[in-house]
Amino acid sequence: MKLRFTIVLLAFVAVATLANAQNHDKRLAQIRQAYADRMEMMNNKPYDSKICNEISVDVGQDLPGSGLYERHDKYYFTPEQYPEDGTSQLYFVTSKETYAMGQHIYYWEFLWDSENGDPMFAYLVRQEGKSKKEYRFYFENGKVIKTVPELKQWPDKDMMSLHPYVIDTPVDVLKIMKKHVAKFKSLLCD
């Protein structure tokens, strides 16, 4: 009797694991398609059809100890008449920060669902001198479902804390995305 129960339990676990893997694969495909769609839309710049809007913010300053700092943020959002509630929805952000005359460069891309505002994807390129690393974060329902590289392959914590945004875990990426949403809202005219 115990053997049958164990076999049935193992079969149930195997089916549940397979279903979960298929759901993640489906979500990853959905995110990749949304990303490709956003890139195509932004590259075609269909302003005449009022499909997208953008705001650019450039900052340059001389920081003590590290020298020239430059930041270029670009916010892409839906027009106000698109969402049901009459507010603009942020769906894509690019952010490039350069420190110490180009010795430290951090480039981010963030993708949100353009209809409900849920985080979908984040991409980071960290360039320290000649060393360059890329990180990808995939989200579902406000949770990280996949990172590339996997967490166990991330560099030492001191490497990650060099960036002004400390990234100890992928949850910190969601916090950075929330800061960009707040910054975007502060830029909109009421």
Side-chain angles (χ1 to χ4, degrees), residues 27-28 31-43 45 52-77 88-114 117-140 142-188:
R27 176 64 176 171
L28 294 176
I31 291 170
R32 288 183 184 115
Q33 185 61 50
Y35 182 86
D37 291 346
R38 300 307 187 287
M39 295 306 287
E40 181 180 343
M41 183 169 62
M42 291 179 311
N43 289 335
K45 299 213 186 257
C52 68
N53 293 324
E54 67 184 52
I55 297 174
S56 293
V57 179
D58 293 311
V59 176
Q61 66 187 104
D62 192 2
L63 297 175
S66 66
L68 186 61
Y69 163 80
E70 295 178 331
R71 179 178 185 144
H72 178 73
D73 293 338
K74 204 164 211 178
Y75 298 88
Y76 298 89
F77 57 99
S88 295
Q89 188 71 46
L90 183 64
Y91 64 82
F92 196 79
V93 171
T94 61
S95 179
K96 182 177 181 182
E97 295 177 89
T98 306
Y99 294 85
M101 304 294 289
Q103 289 300 306
H104 308 283
I105 299 171
Y106 306 96
Y107 175 76
W108 282 101
E109 289 181 357
F110 300 109
L111 174 68
W112 289 267
D113 187 304
S114 62
D118 286 341
M120 294 179 82
F121 177 72
Y123 171 68
L124 168 63
V125 177
R126 299 172 51 91
Q127 187 170 340
E128 305 286 340
K130 294 183 180 181
S131 172
K132 187 176 182 180
K133 302 219 183 237
E134 295 183 7
Y135 303 87
R136 289 175 175 79
F137 307 87
Y138 297 86
F139 305 99
E140 183 172 29
K143 294 181 182 171
V144 178
I145 59 170
K146 182 177 180 174
T147 64
V148 177
E150 293 181 29
L151 291 178
K152 61 186 175 187
Q153 298 174 350
W154 280 26
D156 296 334
K157 294 233 186 259
D158 61 339
M159 172 65 172
M160 295 306 283
S161 65
L162 286 175
H163 188 268
Y165 301 116
V166 177
I167 307 168
D168 288 328
T169 68
V171 174
D172 294 325
V173 176
L174 282 170
K175 292 177 186 174
I176 295 168
M177 291 178 82
K178 286 180 183 178
K179 287 181 182 178
H180 274 282
V181 170
K183 193 184 299 183
F184 164 71
K185 288 181 179 178
S186 73
L187 296 171
L188 290 178

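Bear in mind that the values here come from a model prediction, so they are computed numbers and not experimental data. Count residues from 1 along the sequence.
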Do Lys183 and Asp73 come close enough that some side-chain heavy atom pair is under 4.5 Å?
yes

In terms of heavy-atom contacts, Pro119 and Arg27 come closest through O-NH2, 3.9 Å

Interatomic distance, CZ@Arg71 vs CG@Asp58, rounded to 0.5 Å, equals 11.0 Å

To the nearest 0.5 Å, atom CD of Glu54 lies from atom CZ of Phe92 at 11.5 Å

Of all heavy-atom pairs linking Val171 and Val144, the shortest is N-CG2, 4.5 Å

Can Tyr138 and Glu140 be counted as having a side-chain donor-acceptor contact under 3.5 angstrom? no

Taken to the nearest 0.5 Å, the spacing of Phe184 CZ from Phe110 CZ works out to 14.5 Å

*Is there side-chain contact between Leu90 and Tyr75, with at least one heavy-atom pair below 4.5 Å?*
yes

One should read off an interatomic distance between Arg38 CZ and Gln33 CD, to the nearest 0.5 angstrom, of 10.0 Å

Checking His72, Glu97, Lys96, Gln127 against Tyr107 for side chain to side chain contact (heavy atoms under 4.5 Å, CB included), the one that qualifies is Lys96

Val93 vs Met177, side-chain contact (heavy atoms from CB on, under 4.5 Å): CA-CA, chis, key distance, verdict
CA-CA 9 Å; Val93 171; Met177 291 178 82; over 6 Å; no

Rounded to the nearest 0.5 Å, the NZ atom of Lys179 sits from the OG atom of Ser95 at a distance of 12.0 Å

- Could you go step by step and tell me if Trp108 and Tyr106 meet the ring-ring contact (aromatic ring centres under 6.0 Å, His included) rule? CA-CA 7 Å; Trp108 282 101; Tyr106 306 96; 8.9 Å; no

Taking every heavy atom of Leu174 against every heavy atom of Gly142, the minimum-distance pair comes out as CD1-O, 3.1 Å

*Please tell me if the side chains of Met120 and Tyr35 come closer than 4.5 Å, counting only heavy atoms from C-beta onward.*
no

So CD1 of Ile176 and CG of Leu124: to nearest 0.5 Å the spacing works out to 8.0 Å

Of all heavy-atom pairs linking Leu68 and Asp62, the shortest is N-OD1, 3.8 Å

query = Has the side chain of Arg126 got a donor or acceptor atom that lies under 3.5 Å from a matching backbone atom of His104?
reply = no

Please work out whether the ring planes of Tyr91 and Tyr76 are parallel, tilted or perpendicular, with thresholds of 30° and 60°. tilted

